[in-house]
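Pasting in a structure now, in structure tokens, and then I'll have a few things to ask.
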Amino acid sequence: MARPKVCILFAGGTIGMIKNQKTGVLQPATNASEILRHIPELQKYVQLDLKMVVNIDSSNMNPSHWTDIAKAINTLYDKYEGFVVVQGTDTMAYTASALSFALQNLSKPIVLTGSLIPLSEIGADGRNNLVYACLTATLDIAEVCIVFANRIIRGNRAKKHHESFVDVFHSPNYPYLGELGRPTVLFEWRKLRRKRVLKFRPNFDPKISVLKLFPGFDPEIIERVVERGAHGIIIEGFGPGNIPFLDNSIIPQIEKAVDKNIPVVIANQLEKGVTNLNAYEGGFNAMKAGAISSKDMTTEAIVAKLMWTLAYTNKISTIKAVMEKNLSGELTE
Ligand code: ASP
């Protein structure tokens, strides 16, 4: 039987790093293209090709790298059963979210993975993750997901949680898509493979700000961000998206930003966060001032979605409608 073809797009991270003998810190290896050498037995089942996108610590990744990855997948889309994107865990949830907006209507899986220990070190988690990610890329899944340890997680619902082998990513507001093991179990709420026309929109406008509220937050910070030319603002409020509306009220600043056609999204700081602007006066006033609710999106998904939306429109009513609508399983409507 013909082996399914899977394309690995390599974008760096610990998995391809080596230890600098002088400083002891991990750095991208120059020979990361050799990662296929670490999984020889897998190639009996899957035909693997490797394409290098970039080899950097994921803290250095920009939206332009998301665009590069999306473009590479779009170009190769018909040639492979599925894709594996290898990158660092630190910003993996952002990349996964971004790809879920750049490549919509998928008919095959795009699986992100990486590791906490370099592949070149004994006892590395990267080998297992890579093997499982490649196998997942052949399964009946048609969405962007993260495979780490034994979990398959919807990419735009994932959050980096812990630096431990088994618990790196959580999906606070959505069930896991599957569990890898004996047997591998896929849950019913995943998107299934079927013929669909891919919607390819790979651009992102990075000119946004994310502001985290704290007691004593100076409302002027929002004005400065507007003056510096932000195209969109995300405010992480308290509890379910509550914001100050008395002494340190930020309502006038939200109104001013919206008047200038700058969308303001209210998010929350909860671990299992759902924004509800109808719960308290603060959120309600923000809504009246024109703010957008992030609903149950992760901050990672909100960032990628706002950048993506801004790349295609600057009409504030359209931005609000898009941000509050479910595009790729990132929010519960
Ligand atoms: N700092 C690394 C990165 O995100 C961590 C990792 O690969 O998990 O690139």
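Order of appearance sets the numbers: ligands from 1, and atoms from 1 within every ligand. Below, all heavy atoms of this structure are taken into account, side chains as well, without hydrogens, waters or symmetry copies.
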Which of the numbered atoms in ligand 1 are below 4.0 angstrom from a heavy atom of Gly13?
7 (O), 9 (O)

Within 4.0 Å of some non-hydrogen atom of Thr14, the atoms of ligand 1 are 2 (C), 5 (C), 6 (C), 7 (O), 8 (O)

Given side chains that start at C-beta, do those of Val54 and Ile69 come closer than 4.5 Å, heavy atoms only?
no

Could you tell me whether a side-chain N or O of Thr113 sits under 3.5 Å from a main-chain N or O of Val147, the two making a donor and an acceptor?
yes

So is Arg201 actually on top of Tyr312's ring, under 6.0 Å and inside 45° of the axis?
yes

For Thr275 and Ser294, does a side-chain donor sit closer than 3.5 Å to a side-chain acceptor?
yes

Mark yes or no for whether Glu143, through its side chain, and Lys191, through its backbone, hold a donor-acceptor pair below 3.5 Å.
yes

In ligand 1, which numbered atoms sit nearer than 4.0 Å to a non-hydrogen atom of Ser115?
6 (C), 7 (O), 8 (O)

Heavy atom of the protein closest to atom 9 (O) of ligand 1 (residue, atom name, distance)
Ser58 N, 2.7 Å

If you scan protein heavy atoms around atom 8 (O) of ligand 1, the nearest is Thr89 OG1, 2.4 Å

